[in-house]
2 protein chains.
Amino acid sequence: MQQPRGTRVRGTRQAEALAAALASLPGFCSAQEIHAELRRRGEHVGLTTVYRHLQVLSEQGSVDMIRDASGETLYRQCATTVHHHHLTCRSCGRSVEVEGRVVEQWAEKVAAEAGFTSVDHTVELFGLCPVCSGG
Amino acid sequence: MQQPRGTRVRGTRQAEALAAALASLPGFCSAQEIHAELRRRGEHVGLTTVYRHLQVLSEQGSVDMIRDASGETLYRQCATTVHHHHLTCRSCGRSVEVEGRVVEQWAEKVAAEAGFTSVDHTVELFGLCPVCSGG
DNA sequence: CTGATAATGGAAACGATTATCATCTTATCC
DNA sequence: GGATAAGATGATAATCGTTTCCATTATCAG
């Protein structure tokens with residue numbers, strides 16, 4: 001099996017620990033939170049390595065990456081490789097993947113009308129989940 | 001500087017210089033770019049002050065604020081106070097305000113179905129404008 | 001086992017933004 | 001007109017998430 005350079009081919013202890021941590025975290029977390037989670041589990045993984053892996057995984061589409069209101073980057077293991085958006089709880093970080101065909105169509109239409117090309121879109125929904133709503 | 005008295009509500013020299021600069025910039029710019037533009041015009045306005053004003057204006061709804069792919073915050077004078085979104089050129093920063101009733105309705109529907117409350121949404125479109133498309 | 005090479009991680013660098021605080025403006029009162 | 005209080009300004013330092021550096025360590029093929 002030949003892999004292109006720069007991709008993670010070697011199965012390292014750190015990569016697995018990170019994968020395990022990601023799998024256990026239910027919602028979006030910052031790189032630093034993930035790093036803390038690893039430390040909590042007794043796994044020594046450098047912060048640099050966490051960032052590095054997260055970046056690669058995100059490029060590969062294995063994790064979703066969003067930005068919260070303060071500009072911090074949050075990551076989450078993603079269930080599907082199909083394009084989707086998120087409805088994330090502002091309070092606990094838990095999130096739901098939502099299908100957004102309507103939005104995609106809207107984006108394309110709007111872009112075409114304005115003569116724009118290579119259009120990409122960012123759509124994120126933040127709110128309070130049923131639990132955190134206290135209802 | 002011989003300014004007529006009684007204009008205290010309208011602000012200071014710096015505030016006006018900033019307003020003028022914003023009015024002349026066609027697209028989204030970072031605070032630092034706006035600061036540079038002011039310096040170019042010969043106006044001495046501290047970077048701190050630029051940030052301070054931008055923040056206030058943004059809270060007032062007088063300027064729109066978005067975040068680009070690298071996480072930098074961009075500002076633009078906004079034409080209307082009505083809720084809207086932007087289709088921004090990745091290359092030159094010029095942008096078009098687009099109406100997004102469809103998106104709002106979609107966001108509300110999705111949120112309601114998931115039981116989320118206090119839902120807020122972020123929707124930004126980035127692409128290449130007709131000019132930068134090279135067409 | 002051994003050498004080649006990729007991966008790691010602590011420390012330093014970075015860059016946008018924010019906080020600090022002394023100084024300068026402006027407005028109001030006398 | 002001048003004193004004075006209130007507020008705005010801005011150079012500098014501090015913050016903080018993220019990246020870069022680079023010496024060290026781990027992994028894999030032969």
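Lettering of chains follows the sequences in order, A, B, ..., and the numbering in each one begins at 1. Just so it is clear, the model here is predicted, and its values are computed rather than measured.
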What's [X] touching, base or sugar-phosphate or nothing? Going by heavy atoms closer than 4.0 Å.
X: B:His53; value: sugar-phosphate
X: B:Thr73; value: sugar-phosphate
X: B:Gln32; value: base
X: B:Gln55; value: sugar-phosphate

Is [X] near enough to [N] that one of its side-chain N or O atoms lies under 4.0 angstrom from OP1 or OP2?
X: A:Thr49; N: C:dG9; result: yes
X: A:Tyr51; N: D:dT18; result: yes
X: B:Gln14; N: C:dT25; result: no

Whole angstrom is fine here: how far is it from [atom1] in [X] over to [atom2] in [N]?
X: B:His35; N: D:dT9; atom1: NE2; atom2: P; value: 13 Å
X: A:His44; N: C:dG10; atom1: NE2; atom2: P; value: 8 Å
X: A:Arg13; N: C:dG9; atom1: CZ; atom2: P; value: 6 Å
X: B:Glu59; N: C:dT18; atom1: CD; atom2: C1'; value: 14 Å
X: B:Glu43; N: D:dA8; atom1: CD; atom2: C1'; value: 16 Å
X: A:Leu57; N: C:dA7; atom1: CG; atom2: P; value: 13 Å
X: B:Arg52; N: C:dT20; atom1: CZ; atom2: C1'; value: 11 Å
X: A:Arg67; N: D:dG17; atom1: CZ; atom2: P; value: 13 Å

Among D:dT20, D:dG10, D:dG17, which is the nearest nucleotide to the side chain of A:Thr48?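 Closest of the options to the side chain of A:Thr48: D:dT20.
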
When you check the gap from the basic side-chain N to the acidic O, do B:Arg13 and B:Glu43 get nearer than 4.0 Å?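 Yes, B:Arg13 and B:Glu43 are salt-bridged.
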
I'd like to know if B:Glu37 and B:Arg40 make a salt bridge, using a cut-off of under 4.0 Å between side-chain N and carboxylate O.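 Judged by the 4.0 Å cut-off on N to carboxylate O distance, B:Glu37 and B:Arg40 do form a salt bridge.
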
Examine B:Arg90 relative to B:Phe126 and say whether NZ or CZ is less than 6.0 Å from the centre of the six-membered ring and inside a 45° cone about the ring axis.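 Geometry flag: not set, cation outside 6.0 Å or 45°.
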
Kindly say whether B:Val45 contributes a backbone atom to a donor-acceptor pair with the side chain of B:His35 at under 3.5 angstrom?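 Between the backbone of B:Val45 and the side chain of B:His35 there is a qualifying donor-acceptor contact (under 3.5 Å).
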
A:Ser133 side-chain N/O to A:Leu128 backbone N/O, donor-acceptor pair under 3.5 Å: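 Flag set: sc A:Ser133 to bb A:Leu128 pair under 3.5 Å.
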
